[in-house]
K.L.:
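So that we are looking at the same thing, I have put the structure below in structure tokens.
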Amino acid sequence: MHISRRDSLVLLAGMGVSACGGAGGATQATPTPTASVPPTPTPTPVATPPAAAPAEPVGLNTLATARGLRVGSCFAWGAPGADRGSFANPSYAALLKRDCGILVGENEMKWQAIRPSATQFDFTRFDAMMDWATANNLPVRGHNLLWHQPKWMPAWEENHDFGSSPSREAERLLVEHVNTVCRRYGARIPSYDVVNEAVTPADGTLYQTALSRALGGPEATLDLAFHTARAAAPGAQLVYNDYMSWEPGNANHRAGVLRLLEGFKRRGVPVDALGVQSHLVTQGMDARTGIAAIEGEWRRFLDAVTAMGYKLVITELDVRDNNLPADIAPRDTAVADFTRGYLDVMFAYPALRDVLLWGMSDRYSWIEGFEPRKDGAKRRPCPYDADFAPKPMRAAISAAITAAPVRS
Ligand code: 9MR
């Protein structure tokens with residue numbers, strides 16, 4: 001692994017070592033006395049040096065790179081000051097630049113965002129985000145080419161008139177969509193969530209949409225999306241992305257995802273990786289006990305996925321702080337412990353290289369709007385708080401990365 005001078009300086013700085021070789025407030029190394037050299041007189045201090053500013057923590061992606069891993073986050077469209085995880089907010093942008101080696105648009109590539117009608121595309125927002133990412137040398141994951149649930153497709157699609165040859169019209173719409181997006185961004189998008197959340201959590205069956213009904217069923221629809229993406233973005237990693245997680249209650253969801261992945265293999269569909277979203281839910285104050293109860297089944301799932309040859313990507317990591325007190329210090333500690341335990345399990349799989357957070361700061365997390373805490377305390381799901389200060393969860397992520405087996 002090549003580490004540039006800049007990286008090694010950043011690493012040293014993060015270990016509390018300054019670039020000029022001193023540690024802490026010391027300005028001169030004490031020479032080792034030898035028999036022939038008289039002891040050096042203590043130098044008279046000339047002036048008290050100003051207190052050193054606390055060292056910037058080493059960027060998470062810098063740490064990750066040294067292990068053959070990569071860290072990223074979602075970012076979102078929003079005017080300065082808007083309540084979004086926007087690159088337009090300089091504080092948020094600084095976190096993205098320091099900690100991330102890859103980004104993903106939280107919402108702006110979805111059909112609802114870029115396809116206002118059957119005949120129109122609108123890339124205004126996503127283009128601006130891509131331009132910002134490119135200007136900062138950050139690749140972007142594509143999320144997503146098909147969120148295969150009626151609820152998340154645009155209303156026009158569910159009410160579309162597929163005409164007298166419905167399968168041909170459905171095929172045309174989908175192929176046009178995938179081709180238009182993939183060809184527009186080329187190599188700037190090295191990985192796509194081609195299909196998102198196609199499995200019904202309750203029973204593991206596949207959702208139907210107007211598109212899939214017209215096209216001849218969900219399998220045919222998902223397969224077509226992947227084949228088209230492979231042709232239109234031949235260099236990109238193609239991912240099936242879903243939220244079957246390790247908490248109790250997800251067994252049917254996991255079984256459905258396994259069946260889908262087996263089907264892709266059987267049919268020769270070009271799917272490279274499973275996107276494990278990782279919207280975690282804490283299981284109580286004692287993370288170790290909580291994890292011990294759920295880890296075995298989770299590993300069996302991951303073993304089955306990786307045995308089929310799929311890579312793993314953590315695509316949307318955050319933590320819902322359930323079953324925890326409102327008091328911030330113990331709550332943050334429990335979230336951090338749970339995150340650490342999860343990442344330790346995940347990093348044991350060499351098939352995993354990329355870890356993307358679903359937001360760096362609590363300020364912009366979707367969770368507060370989706371499921372506020374019953375006690376009214378603000379959710380704290382991300383590595384930085386609402387004022388962009390690092391939390392124990394950030395330290396847990398950096399410790400897990402540092403302890404991860406090195407990928408070659
Ligand atoms: O975080 C996203 C939120 O802002 C949107 O309102 C929502 C609907 O588009 O999608 C959220 O992101 C989801 C992601 O696209 C897919 N996995 C689950 C994420 C959280 O719901």
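When a ligand or atom number is given, it counts from 1 through the structure's own listing order.
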K.L.:
Taking the cut-offs as 6.0 angstrom to the six-membered ring centre and 45 degrees off its axis, would you call Lys151 and Tyr207 a cation-pi pair?
P.N.:
no
K.L.:
Would you call Asp272 and Arg230 a salt bridge, using N to O less than 4.0 angstrom?
P.N.:
yes
K.L.:
So which bit of Phe370 gets within less than 4.0 Å of ligand 1, heavy atoms only: side chain, backbone, both or neither?
P.N.:
neither
K.L.:
Nearest to atom 12 (O) of ligand 1 by heavy atom, Trp147, Trp366, Trp358: which?
P.N.:
Trp358
K.L.:
With Glu158, which residues qualify under side chain to side chain contact (heavy atoms under 4.5 Å, CB included), at least two apart?
P.N.:
Pro150, Met153, Thr209, Ala210, Arg213
K.L.:
Please determine whether a side-chain nitrogen of the Lys or Arg among Asp337 and Arg288 lies less than 4.0 Å from a carboxylate oxygen of the Asp or Glu.
P.N.:
no
K.L.:
Select the closest option to atom 1 (O) of ligand 1 among Glu316, Lys151, Glu106, judged by heavy-atom distance.
P.N.:
Glu106
K.L.:
Side chain, backbone, both or neither: which part of Asn196 has a heavy atom under 4.0 Å from ligand 1?
P.N.:
side chain
K.L.:
Are Tyr310 and Phe264 an aromatic pair by the rule of ring centers under 6.0 Å?
P.N.:
no
K.L.:
Once salt bridge (charged side-chain N to carboxylate O under 4.0 Å, His left out) is applied, what residue pairs with a partner in residues 299-316 remain, sequence neighbours excluded?
P.N.:
Glu295-Arg299
K.L.:
Lys110 to ligand 1: N or O pair under 3.5 Å?
P.N.:
yes
K.L.:
Please classify the Asn107 to ligand 1 contact at 4.0 Å (heavy-atom distances, strictly less than): side chain, backbone, both or neither.
P.N.:
side chain
K.L.:
So, the side chain of Ser117 versus the backbone of Thr119: is there a donor-acceptor pair under 3.5 Å, distance only?
P.N.:
yes
K.L.:
Please compare Glu108, Met109, His143, Gln277 and report which has the shortest non-hydrogen distance to atom 14 (C) of ligand 1.
P.N.:
His143
K.L.:
Number the atoms of ligand 1 from 1 as they appear, then name those within less than 4.0 Å of a heavy atom of His279, with their elements.
P.N.:
18 (C), 19 (C)
K.L.:
Counting from 1, what ligand 1 atoms have a heavy atom of Trp152 closer than 4.0 Å?
P.N.:
8 (C), 9 (O)
